Novice: 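Provided herewith is a single structure, encoded as structure tokens, for subsequent inquiry.
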Amino acid sequence: MRLILLGPPGSGKGTQAQRLVHRHGIVQLSTGEMLRAAAAAGTPVGLQAKEIMANGGLVPDEIVVGIIADRIEEPDAKKGFILDGFPRTVPQAEALDELLRKKHLKLDAVVELRVNESALLARVEKRAEETRARGEEVRLDDTPEVLTRRLAQYRSLTEPLIHYYSERRKLLTVDGMMTIEHVTREINRILTALGALEPKEHEEPKSASKASKTAKKTATKATRKAAESASKAAKGASKPASKVKAAKKAAKKTAKQPAKKTVKKAAKQAARTANARKGAKAAKKAAKRLTKKRAKR
């Protein structure tokens, strides 16, 4: 997996990079650390960088790209890497693309951690107040003033990379204002969907796990029913033929008895209903006669 994390200062790029390194066994490549390591190692590119840094100058892009080229050839970077602090500009991104093309490598994704700048400033102000309340000195690079300048620099130099990588269909955006855990899960989810990460072998998808459990239950029930049917068939087969016939006759008698009783009950009920109707008619006739007699009087 080869990945770039984009986002303004304070967006959590460093935290998420460390989590990816720890979980997936890839390396985090920081340009600052690579420059210092190359200078200490005395490599040709490192010596050039060392001289420029000693004079207080900015290391040219071609030297930085050369150091990256050497670094990604080392064994620990074979499984993958996350670039931290590079590229910062579109020309650097173009130089990186050319480097990877020559090495027959490609970026899997560029993940942008999108955050609310006003929320970042509020966060830094709160952190500075808490530091002063503890009686500690606030770091020079951890103040609202410094963050404001860094945010302005990010917008002018680095933010154009969002459009650059979006055009190349490499950009994936994650809400950096979520909790650290949620951001981590979302990054892993989209990288897995892209095929940059493979689900761990011991992690079975939930749907597959449920289907497996249902299948097991169904199979168990079917096995029990089959065993019960086989047992009943075996018992029936073990009985003598005479006993089987006797059992059939008894069953027929038992079935006929309820039927006979039901017919008798129905007949009695019908007779009662008929008698009741006759009685009702007779009562009506008697009432009419009585009415006529009264009328004559």
Side-chain angles (χ1 to χ4, degrees), residues 1-38 45 49 59 61 63-115 120 150 154 157-162 164-166 168-200:
M1 176 180 67
R2 288 170 288 276
L3 184 67
I4 292 174
L5 291 180
L6 283 181
S11 60
K13 298 189 301 296
T15 300
Q16 295 304 326
Q18 283 300 310
R19 284 174 164 243
L20 287 165
V21 166
H22 179 72
R23 178 169 180 173
H24 304 293
I26 56 180
V27 294
Q28 181 181 2
L29 304 182
S30 166
T31 49
E33 290 179 3
M34 285 188 290
L35 286 169
R36 287 188 289 273
V45 178
V59 180
D61 291 348
I63 293 179
V64 177
V65 171
I67 288 173
I68 292 173
D70 291 341
R71 181 66 181 86
I72 62 178
E73 289 292 334
E74 294 182 21
D76 64 342
K78 293 296 181 183
K79 192 174 181 180
F81 55 81
I82 301 172
L83 282 169
D84 176 17
F86 189 91
R88 290 182 184 274
T89 63
V90 171
Q92 288 180 352
E94 292 171 341
L96 177 63
D97 284 347
E98 181 63 18
L99 166 65
L100 295 175
R101 187 186 64 79
K102 287 179 180 178
K103 291 185 176 293
H104 305 289
L105 300 173
K106 68 178 183 66
L107 281 173
D108 289 301
V110 177
V111 178
E112 177 204 4
L113 298 181
R114 188 165 292 179
V115 294
L120 290 181
R150 291 177 68 192
Y154 174 80
L157 294 176
T158 308
E159 208 167 62
L161 288 174
I162 294 171
Y164 177 85
Y165 284 116
S166 179
R168 286 153 181 77
R169 297 185 178 182
K170 293 289 183 183
L171 186 73
L172 299 166
T173 301
V174 174
D175 181 5
M177 299 308 295
M178 296 188 295
T179 64
I180 292 173
E181 289 295 335
H182 277 86
V183 173
T184 300
R185 281 200 294 271
E186 184 63 10
I187 291 174
N188 282 304
R189 185 190 67 78
I190 59 179
L191 291 178
T192 302
L194 280 174
L197 296 178
E198 292 183 2
K200 292 185 178 180

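Given the structure is predicted, the values throughout are model-derived calculations rather than measurements. Numbering starts at 1 and runs along the sequence shown.
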Novice: With the side chain counted from C-beta on, respond yes when I82 and L3 share a heavy-atom pair under 4.5 Å apart, and no when they do not.
Specialist: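 Yes, their side chains come closer than 4.5 Å.
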
Novice: Out of curiosity, T158 OG1 to Q92 CD, how far, rounded to the nearest 0.5 Å?
Specialist: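 So the gap between those two atoms works out to 8.0 Å.
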
Novice: Are D175 and H182 close enough that a side-chain donor and a side-chain acceptor fall under 3.5 Å?
Specialist: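 No, because no side-chain N or O of D175 sits under 3.5 Å from a partner of the opposite role on H182.
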
Novice: Rounded to the nearest 0.5 Å, what separation is found between the CZ atom of F86 and the CE atom of M34?
Specialist: 8.0 Å

Novice: In chain order, what residues pass the salt bridge (Lys or Arg N to Asp or Glu O under 4.0 Å) check against R168, with sequence neighbours excluded?
Specialist: none

Novice: From L194 CG over to R189 CZ, what is the distance, rounded to the nearest 0.5 angstrom?
Specialist: 9.5 Å

Novice: Determine, step by step, whether D108 and L191 satisfy the side-chain contact (heavy atoms from CB on, under 4.5 Å) criterion, reporting the C-alpha distance in whole Å, the side-chain angles of both residues, the deciding distance to 0.1 Å, and the verdict.
Specialist: CA-CA 8 Å; D108 289 301; L191 291 178; 5.6 Å; no

Novice: Nearest 0.5 Å, please: how far is CD1 in I26 from CE in M1?
Specialist: 3.0 Å

Novice: For L99 and A69, which heavy atoms make the closest approach, and how far apart are they?
Specialist: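 Taking L99 first and A69 second, the nearest heavy atoms are CD1-CB, 3.4 Å.
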
Novice: Once rounded to the nearest 0.5 Å, what's the spacing between atom CG of L172 and atom CD1 of I4?
Specialist: 12.0 Å

Novice: Can you find a heavy atom in the side chain of D76 that is under 4.5 Å from one in the side chain of R71?
Specialist: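 D76 vs R71: side chains touch.
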
Novice: How close do A93 and P87 get, heavy atom to heavy atom, and via which atoms?
Specialist: N-CB, 3.5 Å

Novice: Work out which heavy atom in I187 is nearest to a heavy atom in I190; give both atom names and the distance.
Specialist: O-CG1, 3.2 Å

Novice: For the pair E33 and R36, find out whether any cationic side-chain nitrogen is under 4.0 Å from an anionic carboxylate oxygen.
Specialist: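 No.
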
Novice: Tell me which pairs pass side chain to side chain donor-acceptor pair (under 3.5 Å) where either residue lies in residues 78-88, with sequence neighbours left out.
Specialist: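 Listed once each, the pairs are Q28-D84.
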
Novice: For R185, does the CZ atom have more than 12 heavy-atom neighbours from other residues, nucleotides or ligands under 6.0 Å away?
Specialist: yes

Novice: Does V64 form a side-chain contact (heavy atoms from CB on, under 4.5 Å) with V45? I'd like the steps, not just the answer.
Specialist: CA-CA 8 Å; V64 177; V45 178; over 6 Å; no

Novice: What distance separates Y164 OH from T89 OG1, expressed to the nearest 0.5 Å?
Specialist: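 It is 10.0 Å, given to the nearest 0.5 Å.
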
Novice: Would you list the atom pairs, donor with acceptor, under 3.5 Å between side chains in residues 7-16 and any protein atom, with sequence neighbours excluded?
Specialist:
| from | atom 1 | to | atom 2 | distance (Å) |
| --- | --- | --- | --- | --- |
| S11 | OG | P8 | O | 2.8 |
| K13 | NZ | G7 | O | 2.8 |
| K13 | NZ | P8 | O | 3.4 |
| Q16 | OE1 | T184 | OG1 | 2.7 |
| Q16 | NE2 | I180 | O | 3.3 |
| Q16 | NE2 | T184 | OG1 | 3.4 |

